[in-house]
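Notes to accompany the following structure.
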Amino acid sequence: MNEVKCDCGHSNPYGTNLCQYCGKPLQDKDNKASLLDMRYEGAARRSQTYNKSIVDKIWNFFSSVKVGIWIIVLTLIASSIGTIFPQEMYIPNNVDPAEHYKDEYGIAGQMYYTLGFHNLYGSWWYMALIASLGISLIIASIDRVVPLYRALKNQRVTRNDAFLKRQRLFGRSKVEQADKTLIKAKSLLEKRKFKVREENGNLLAEKGRFSRWGPYVNHLGLIIFLSGAMLRFFPGMYVDDIVWVREGETEVIPGTDGEFFIENEQFFIELYDEDDETFGPAMERAGGQTIQNYQTNAVLYEREKTDTVGAVPELEEVKKDEIRVNHPLRFNNFALYQMDYKLNELNTMSFTLDNRETGESIGTIEIDLFDPQDEYDLGDGYKVVIDSYFPNFEFNDDGEPSTVSSIPDNPAFIFQMFSPEHPDGEYSFVGIQRNEDVFGENDYEMSFADVDTKNVTALTVRKDLTLPFIITGGVIFMIGLIQGSYWSHRRIWLKRTDREIWMAGHANKHWESLKKDFRTLAEETELIIPEDQSKKAKKER
Amino acid sequence: MTGMEAVSGNFLLITFFMYLLATICFTVSVTGRKWRDKQGEMKGNRWGSFGFIVTLIGFIFALGYFVTRWMTAGHAPVSNMFEYTTFLGIALSLAFIILYAIYKTNVLGMFTMPIVMLIIAFASVFPSEVEPLIPALQSNWLKIHVTTTALGQGILSIGFAAGLIYLIRTLDFTKRDKKVFWLEFIMYSLISIIGFVLVRYIFSMFQYQAEFQYINETGNEAEMTYNLPPLLGPNEGEVLTSGAMEPLISMPAWLRSDDANAVVWSLGAGLILYVLLRVLFRKPVGGKIQPLLKGINPDTVDEVSYRAIAIGFPVFALGGLIFAMIWAQIAWTRFWGWDPKEVWALITFLFYAAYLHLRLSQGWHGERSAWLCVIGFVIIMFNLIFVNLVIAGLHSYA
Ligand code: HEM
């Protein structure tokens with residue numbers, strides 16, 4: 001396309017509204033208007049210039065702020081719908097979601113579930129909204145930032161009269177001593193932290209130009225943030241797992257390829273003192289104890305690098321730490337968080353083999369509930385064999401003894417007791433609160449003697465390699481936001497004509513502050529306060 | 001109660017009355033006679049400056065409340081409904097101080113200080129004992145996150161106060177159209193908060209309590225104490241207190257029925273107060289205030305409201321999203337989890353982002369901008385009241 005040549009001699013890209021050098025309006029609409037559209041300095045933006053190919057059309061669609069606002073508003077509405085009822089991840093995980101939503105929230109809940117709103121933030125259309133937000137951010141920013149940068153870099157001090165006259169703040173002052181006035185004005189403006197440039201006796205005072213880049217910097221931060229969030233879907237970037245560890249035991253940490261192990265030395269809970277002078281009344285009103293701390297004293301181990309494969313791993317202690325809520329144990333890119341616990345889980349149980357008639361105790365066996373032996377030899381012809389072991393006992397639908405899980409929450413045994421009198425063994429069924437002969441009339445019985453429990457801790461294992469992106473994006477976003485919000489770009493042009501000084505001003509926001517600058521000028525020099533032409537322009541329209 | 005706790009409570013009381021005094025000063029400065037200086041120019045009067053000084057004194061006492069309570073509890077007092085709401089009121093007064101320093105608009109004080117008082121009074125109906133911190137809240141990020149968020153919300157709320165002034169100043173109250181209706185609706189809502197505080201104080205003066213046994217959302221029996229007569233009862237509730245009235249209707253289990261009951265009471269009390277005012281004024285409440293604002297320049301108020309949002313938006317983004325994410329990553333293992341409170345912080349953020357873009361590129365200034373500020377405040381209040389009390393989640397204080 002052809003470049004547009006301005007009277008001042010500067011060549012502007014096709015589509016330019018205001019000459020980037022002297023500001024002269026190049027289009028009819030601006031020549032007729034009483035105020036110039038100063039947005040993006042009248043620079044040529046791709047979206048305003050081309051509209052032929054399909055690429056142009058897509059580009060123009062996403063670069064429109066109107067479209068951007070629609071995307072933001074739709075995301076907002078969609079997000080709020082997701083809070084009407086709890087999302088699936090927050091309902092109890094032992095229930096059927098379809099049933100749960102219907103039972104708890106009636107017809108509305110059923111519809112909510114059918115429409116997929118129970119998993120709204122992971123739905124394809126919510127993702128699509130976020131993706132279009134990102135695309136819109138990228139395109140809209142590129143469309144504007146490049147031309148804006150060029151326009152602001154090229155601007156000249158001496159501006160075209162038509163440009164000055166059509167600024168929102170404009171005034172002509174008759175002055176006796178133009179030189180003196182301009183020198184005074186320059187020093188006043190410099191005192192107010194303006195950068196003042198001079199050319200042919202005219203002035204351009206400018207302040208806070210860097211704030212113009214604020215929106216683009218913050219959009220860039222958002223783009224990095226969103227890209228970082230997307231990286232989560234790549235394998236290996238994100239680990240979310242849980243490991244249960246009993247006191248005194250060591251478990252491999254999932255997600256570390258068997259490299260790292262964690263030992264639970266101790267897990268405990270601390271409560272607030274109910275008689276506390278400060279907190280007592282509040283706890284009394286709440287009617288319960290308040291937990292002060294959940295803590296796992298943990299030791300982290302790393303597997304020694306040995307060549308032998310499959311051998312029992314040699315572990316090397318890496319560090320000890322107290323894992324509490326708000327205080328995870330960190331290593332490499334991993335963190336272990338205190339997440340859940342179970343107090344007093346059964347660990348070992350011991351029984352004695354007794355002679356029913358004499359009450360004599362033959363011997364004691366101690367059973368590790370997680371690793372019971374097949375048989376326990378008591379000597380002299382006495383022996384106990386575990387015929388069956390049900391860690392979490394129940395009668396199944398057929399009325400047969402069975403186990404719900406391998407966690408010993410309700411252990412039960414069928415023992416076979418061997419004695420000199422009964423070399424074929426007698427059977428006995430023993431569980432918590434029950435002790436039955438299988439065939440009745442036994443001479444021997446197993447009596448419960450003791451139990452040993454342990455606390456169990458549950459640690460969330462987390463690795464998140466997207467965090468550096470998220471953090472970088474967040475920091476850049478904040479910098480841009482502050483840059484664009486707490487500073488504004490102000491310019492004041494002073495141009496000398498025969499007997500007059502023409503004065504015009506532009507601010508990208510907060511016009512009251514710019515007016516204050518002009519008021520100071522007027523107080524101390526011959527210059528008058530420029531008129532705000534925006535009211536006049538509104539009336540004309 | 002410890003001695004220090006009592007001192008702290010008294011400081012807060014002094015703050016409240018200082019803010020009342022400040023409201024009076026600002027109102028006189030806006031509506032009272034103006035003085036002319038020697039050149040015959042309108043110079044306003046001194047009442048605005050008095051109001052500002054009284055506000056500053058009140059704010060110092062508020063700081064005193066905050067520090068002494070912190071010393072008693074051993075943690076920053078922002079961890080339950082009473083503490084957070086009080087802090088929000090204090091943050092709003094700080095935001096006012098900042099904007100007054102920039103624009104010196106007395107009318108802003110006339111509207112903001114009553115809202116601050118309303119929020120502090122609202123806070124005072126929640127149990128105010130110092131509570132121990134559960135493990136999840138034991139973090140420095142708690143204070144950093146909560147204080148920054150409240151400050152951000154406070155500054156954004158100044159945008160609402162200025163927007164409200166703009167609307168009352170510019171709407172045509174002789175017409176009975178939609179705009180007037182909605183403005184009156186805002187006035188009614190504010191009056192309902194007064195209604196709520198009044199009703200709660202009246203019944204607590206008589207030490208009213210009604211115990212209920214009911215079936216809670218997990219299907220178990222539980223007990224609940226009402227502080228107001230039960231118009232709405234709990235799910236399958238049974239009154240245990242003799243002499244207490246039977247509820248008119250009972251609520252489903254997932255809704256906190258005592259809070260819903262309080263809402264009904266405040267709307268009712270608000271309605272009575274509002275109707276009384278209408279009968280007294282024979283005019284819309286906004287229309288009654290309008291003549292007082294004759295001297296106010298709408299463009300200035302418009303800029304104040306935009307400025308407040310431009311200042312508050314980054315503060316809110318930092319506290320409500322960024323610090324929140326840092327804390328969530330440490331306490332809950334993930335920086336974002338779509339918890340209702342988190343989502344509503346995001347919604348607030350998106351809403352004000354939309355506001356900024358509409359203003360910047362679609363030219364939504366003046367009246368439209370003012371309505372948006374009102375909606376923004378509604379979202380903030382919704383977050384405070386509804387999301388905290390009714391939708392249960394990780395953040396729920398109730
Ligand atoms: C949640 C997402 C977004 C946030 C937080 C955000 C934030 C901002 C902020 C704070 C500003 C400066 C406003 C002011 O100075 O008053 C801005 C300006 C802008 N935004 Fe966004 N934005 C978002 C999304 C978008 C989208 C989707 C578009 C796409 C059209 C967009 C286009 C623009 C444009 C064109 C400007 C004006 C730049 C200028 O004229 O200097 N923004 N944005």
Side-chain angles (χ1 to χ4, degrees), chain A residues 39 65-66 68-69 72-73 75-76 79-80 82-87 89-90 104-106 120-121 215 229 240 272 276-283 285-286 290-294 324-328 335 337-339 460 462 464 467 470 474-475 477-478 481-482 484-486 509-512, chain B residues 1-2 5 72-74 80 103 127 129-139 141-142 217 252-254 299-300 303 306-307 310-311 313-314 317-318 321-322 325 327 329-340 343-344 346-347 350-351 353-354 357-358 360-362 387 391-393:
Chain A
R39 220 175 278 165
V65 181
K66 217 180 214 162
I69 294 169
I72 295 177
V73 171
T75 312
L76 184 162
S79 305
S80 68
T83 65
I84 297 178
F85 297 129
Q87 291 289 296
M89 58 195 150
Y90 288 114
E104 290 284 312
Y105 311 109
L120 187 142
Y121 305 110
D240 177 19
Y272 280 100
D276 188 280
E277 193 188 4
T278 316
F279 300 138
M283 285 192 280
R285 185 177 48 78
T290 307
I291 290 176
Q292 183 169 19
N293 187 24
Y294 304 96
R324 278 175 266 117
V325 178
N326 273 312
H327 181 92
Y337 293 84
Q338 185 66 53
M339 184 43 61
T460 292
R462 165 84 71 232
D464 192 347
L467 285 181
I470 300 285
V475 169
F477 169 72
M478 252 352 272
L481 199 56
I482 289 170
S485 305
Y486 295 169
K509 54 170 82 169
H510 310 323
W511 288 81
E512 287 298 320
Chain B
M1 200 194 291
T2 58
E5 212 177 325
T72 319
N80 62 24
Y103 286 102
E129 296 108 347
V130 176
E131 283 177 36
L133 281 190
I134 59 166
L137 299 184
Q138 296 164 8
S139 165
W141 286 105
L142 166 76
E217 67 272 23
W254 52 269
D299 288 344
T300 310
E303 190 170 315
Y306 171 52
R307 191 69 178 262
I311 296 176
F313 184 69
L318 188 65
L321 293 175
I322 295 195
M325 286 191 216
W327 183 33
Q329 180 72 27
I330 295 171
W332 289 310
T333 82
R334 79 290 179 287
F335 58 87
W336 194 258
W338 300 110
D339 175 80
V343 176
W344 276 94
L346 176 69
I347 290 172
L350 290 176
F351 178 83
H357 289 91
L358 281 167
L360 197 78
S361 75
Q362 308 300 112
V387 180
I391 306 181

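Within every chain, numbering begins at 1; the chains are lettered A, B, ... in the order of the sequence lines, protein sequences first and strands thereafter. If you're wondering where the values come from, they're calculated on a predicted model, not measured in any experiment.
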Checklist entry - Do you know which of Val475(A), Ile470(A), Asp464(A), Val73(A) has the most heavy-atom pairs under 4.5 Å to chain B? => result Ile470(A)
Checklist entry - How long is the gap from CD on Gln362(B) to CD1 on Ile69(A), to the nearest 0.5 Å? => result 4.5 Å
Next on the checklist: Looking only at heavy atoms and a cut-off of under 4.5 Å, which of Ile134(B), Leu133(B), Leu346(B) has the most pairs with chain A?
Outcome noted: Leu133(B)
Checklist entry - Is it the side chain or the backbone of Lys509(A) that comes within 4.5 Å of chain B heavy atoms, both, or neither? => result side chain
Item to check | Test item: Ser485(A) and Phe313(B) side chains (from C-beta on) under 4.5 Å apart, heavy atoms | outcome: no
Checklist entry - Which atoms form the tightest heavy-atom contact between Leu360(B) and Arg39(A), and what is the distance? => result O-NH2, 3.8 Å
Checklist outcome for this item: So NE2 of His327(A) and CD of Gln138(B): to nearest 0.5 Å the spacing works out to 12.5 Å
Next on the checklist: Whether the side chain of Arg324(A) engages the backbone of Pro135(B) through a donor-acceptor N/O pair (distance < 3.5 Å, no angle test) should be reported.
Outcome noted: no
Next on the checklist: Tell me every residue that passes side-chain hydrogen bond (donor to acceptor under 3.5 Å, both in side chains) with Ser79(A), counting only those two or more places apart in sequence or in another chain.
Outcome noted: Tyr126(A)
Checklist entry - If every non-hydrogen atom of Ala317(B) is compared with every non-hydrogen atom of Phe477(A), which pair is closest and at what distance? => result CB-CE2, 4.1 Å
Checklist entry - Quick check: does any side chain N or O of Glu512(A) sit under 3.5 Å from a backbone N or O of Asp299(B), one acting as donor and the other as acceptor? => result no
Next on the checklist: Nearest 0.5 angstrom please: Leu318(B) CG to Leu481(A) CG, how far?
Outcome noted: 9.0 Å
Next on the checklist: For a quick test of reading the model, state the closest non-hydrogen atom pair linking Tyr90(A) to Gly337(B) and the distance between them.
Outcome noted: OH-O, 2.9 Å
Item to check | Rounded distance (nearest 0.5 Å) linking atom CG of Leu142(B) with atom CG of Asn326(A) | outcome: 8.5 Å
Checklist outcome for this item: Cut-off 4.5 Å, heavy atoms of chain B, and the answer for Leu76(A) is both
Checklist entry - Should Thr290(A) and Glu131(B) be marked as a side-chain contact (heavy atoms from CB on, under 4.5 Å) after you check the CA-CA gap, both sets of side-chain angles, and the distance that decides it? => result CA-CA 9 Å; Thr290(A) 307; Glu131(B) 283 177 36; over 6 Å; no
Item to check | Segment of Thr460(A) engaging chain B (4.5 angstrom heavy-atom cut-off) | outcome: side chain
Checklist outcome for this item: In terms of heavy-atom contacts, Ile482(A) and Pro314(B) come closest through CG1-CB, 4.4 Å
Checklist entry - Is the backbone N or O of His510(A) less than 3.5 Å from a side-chain atom of Tyr306(B), with the two atoms forming a donor-acceptor pair by type? => result no
Item to check | Residue part contacting chain B, namely of Leu120(A), when any heavy atom lies under 4.5 Å | outcome: neither
Checklist outcome for this item: Interatomic distance, CZ@Phe279(A) vs OG1@Thr72(B), rounded to 0.5 Å, equals 9.5 Å
Checklist outcome for this item: One should read off an interatomic distance between Met89(A) CE and Asp339(B) CG, to the nearest 0.5 angstrom, of 8.5 Å
Checklist entry - Taking only residues two or more places apart in sequence, or in another chain, which ones meet Glu303(B) in a side-chain hydrogen bond (donor to acceptor under 3.5 Å, both in side chains)? => result Tyr103(B)
Checklist outcome for this item: One option among Leu358(B), Leu350(B), Thr333(B) has the most heavy-atom pairs under 4.5 Å with chain A, and it is Thr333(B)
Checklist entry - Are the side chain of Tyr337(A) and the backbone of Ile330(B) linked by a donor-acceptor contact shorter than 3.5 Å? => result no
